[in-house]
Amino acid sequence: VLNDLVNNMDKDLVKALAMATSAGLTLVFCIGGFIWIGYTLDSWFRTEPLCMIVFGLIGAITGFYMLYKQVK
């Protein structure tokens with residue numbers, strides 16, 4: 001009986017940790033990816049902070065939307 005309880009707790013813990021890790025990585029990669037795109041566009045168009053800020057905000061919005069979809 002105790003083994004079954006421990007196994008169920010382990011499965012639930014692993015599932016929760018996997019979901020948290022996935023959500024965190026999704027958020028970081030969305031924001032980081034869009035900031036990188038903005039940085040690259042800034043170097044091409046010589047508009048130093050503008051594209052990076054705009055794409056960073058787009059990345060944050062996209063990241064939180066994806067986080068919302070994962071949790072829902």
Side-chain angles (χ1 to χ4, degrees):
V1 176
L2 187 59
N3 274 343
D4 291 336
L5 181 62
V6 170
N7 285 338
N8 287 338
M9 284 179 24
D10 288 343
K11 289 177 187 176
D12 291 340
L13 179 64
V14 169
K15 188 176 180 180
L17 286 174
M19 187 174 194
T21 303
S22 174
L25 288 175
T26 298
L27 189 61
V28 166
F29 282 118
C30 280
I31 294 172
F34 274 97
I35 286 177
W36 178 76
I37 291 170
Y39 179 79
T40 303
L41 289 176
D42 277 335
S43 67
W44 287 350
F45 298 131
R46 307 224 190 276
T47 57
E48 269 22 84
L50 182 64
C51 289
M52 192 168 65
I53 291 171
V54 169
F55 276 83
L57 290 173
I58 292 170
I61 291 168
T62 303
F64 281 111
Y65 175 71
M66 296 299 291
L67 183 71
Y68 171 76
K69 281 179 58 176
Q70 280 185 352
V71 171
K72 185 181 175 186

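Since this is a predicted model, take the numbers as computed values, not measurements.
- Atom CD1 in Ile61 sits 14.5 Å away from atom CE in Met66 (nearest 0.5 Å).
- Contacts classified as side chain to side chain donor-acceptor pair (under 3.5 Å) and involving residues 49-59 (residues at least two apart or in different chains) are not found.
- Apart from Tyr68 itself, the hydrophobic cluster it occupies contains nothing, where clustering links Ile, Leu, Val, Met, Phe, Trp and Tyr at side-chain heavy-atom distances under 4.5 Å.
- Checked by atom type and distance alone, the side chain of Thr21 never pairs as donor or acceptor with a backbone atom of Ala18 at under 3.5 Å.
- Applying the side chain to side chain donor-acceptor pair (under 3.5 Å) test to residues at least two apart or on different chains, the pairs with a partner in residues 46-62 are Asp42-Thr47.
- Phe55 and Trp36 fall within the same hydrophobic cluster, where Ile, Leu, Val, Met, Phe, Trp and Tyr residues are linked whenever their side-chain heavy atoms come under 4.5 Å apart, directly or through other members.
- Here OH of Tyr39 is found 14.0 Å from CD1 of Ile53. Values are rounded to the nearest 0.5 Å.
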Only pairs under 3.5 Å count here: list side-chain donor-acceptor contacts from residues 22-34, not counting sequence neighbours, and write none if there are none.
unit_1, atom_1, unit_2, atom_2, d
Ser22, OG, Gln70, NE2, 3.4
Thr26, OG1, Ser22, O, 2.8
Thr26, OG1, Gln70, NE2, 3.1

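- With sequence neighbours left out, Val54 forms a side chain to side chain contact (heavy atoms under 4.5 Å, CB included) with Leu50, Ile58.
- Other residues sharing the hydrophobic cluster of Leu17, ordered by chain and number and joined by side-chain separations under 4.5 Å: Leu13.
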